[in-house]
Amino acid sequence: MPLRTRYAVGTPCWVDCITPDLTGSQAFYTALLGWEFTAESSGYQLATLGGRIVAGFGGSPAGLPPSASWNVYLATKDADHTCVEVGRLGGRVVMSPVPAGDDGRLFLAVDPSGVVVGFWEGHRDEGVVLADEPGAVSGHELRVPDAVRAAGFYGELFGYRLATRDEHLELELDGSGQARVVESDQGRPLWLPYFGATDPADAVRRALTHGATVLRSGPGEPTVLRDPWGAEFGLTAATTP
């Protein structure tokens, strides 16, 4: 069981789903991935698998459009410094650093490609605890119209470089691939998580049964779907250690 409590600066470390239907979204991902939920605070739930934290869920604030989205957060040791750097490099901070209870601090920004991205400064465990197995986060994707521009921003911010691996683009940090980069002008630019499945084809069928829509699929490729409330995510092959 791949347990993680530390993440290198710049790496994806946390995901959460903000949804207008917290109860319905939880039921969907429980049916699909076997998650259970515990309340962390009023309006925010932690998704767990086998008792280990895999993601967060929150209700959409009043006044936002009635659609859901998955947010991906990158690890930082200094949220205030990273916040300043995001602005200097052409990003736009939409929520300045705020405490998340005693666990850490977070902020949200829009990068120069128009992608919403979160940043997390953990005080104890720094993010997702269970990863890279069925039912847990097993990868990430950055979808942008211009991969070079996107890599330039994350490169200046954290040292990422754009690399080609197995005929697809990746954001690489210190020689390790951290996210697949999909260059596309179809759909809105975004970060999205991939969730692991022992049998991805069966997981896709079950997702469709519960109201999801397939957005992209291909042989040997993660399948990208939209849940019934509009949040995009991927399903990819993963095995139990």
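Side-chain atoms are counted along with the backbone in the values below, which use heavy atoms only and exclude waters and symmetry mates.
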Sidechain N-carboxylate O distance under 4.0 Å for [X], [Y]:
X: E232; Y: R188; value: no
X: R92; Y: D111; value: no
X: R149; Y: E183; value: no

**Study point:** Set of salt bridge (Lys or Arg N to Asp or Glu O under 4.0 Å) partners for E170, sequence neighbours left out
**Key:** R165
Practice item. Identify, with sequence neighbours excluded, every residue that meets salt bridge (Lys or Arg N to Asp or Glu O under 4.0 Å) alongside R180. Key: E221
Practice item. Assess the side chains of S25 and T19: does a donor N or O sit below 3.5 Å from an acceptor N or O? Key: yes
Exercise for review: Verify whether the ring centers belonging to F119 and W191 lie closer than 6.0 Å.
Suggested key: no
Review point. Taking the six-membered ring for Trp, are W70 and F57 ring centroids under 6.0 Å apart?
Key: yes
Review point. Between I18 and N71, is any pair of side-chain heavy atoms under 4.5 Å apart?
Key: yes
Study note, to complete from the structure: Members sharing L190's hydrophobic cluster, built from side-chain contacts under 4.5 Å between Ile, Leu, Val, Met, Phe, Trp and Tyr, are L192, Y194, L215, V224
Check your understanding: Any sub-3.5 Å donor-acceptor pair from T76's side-chain atoms to E121's backbone N or O?
Key -> no
Exercise for review: Check whether any side-chain N or O of H168 sits under 3.5 Å from a backbone N or O of T164 as a donor-acceptor pair, and report yes or no.
Suggested key: no
Practice item. Is it possible for you to say whether W120 and F158 belong to one hydrophobic cluster, with membership spreading through side-chain heavy-atom contacts below 4.5 Å? Key: yes
Exercise for review: Could you tell me how the ring of F233 sits relative to the ring of F195: parallel (under 30°), tilted (30 to 60°) or perpendicular (over 60°)?
Suggested key: tilted
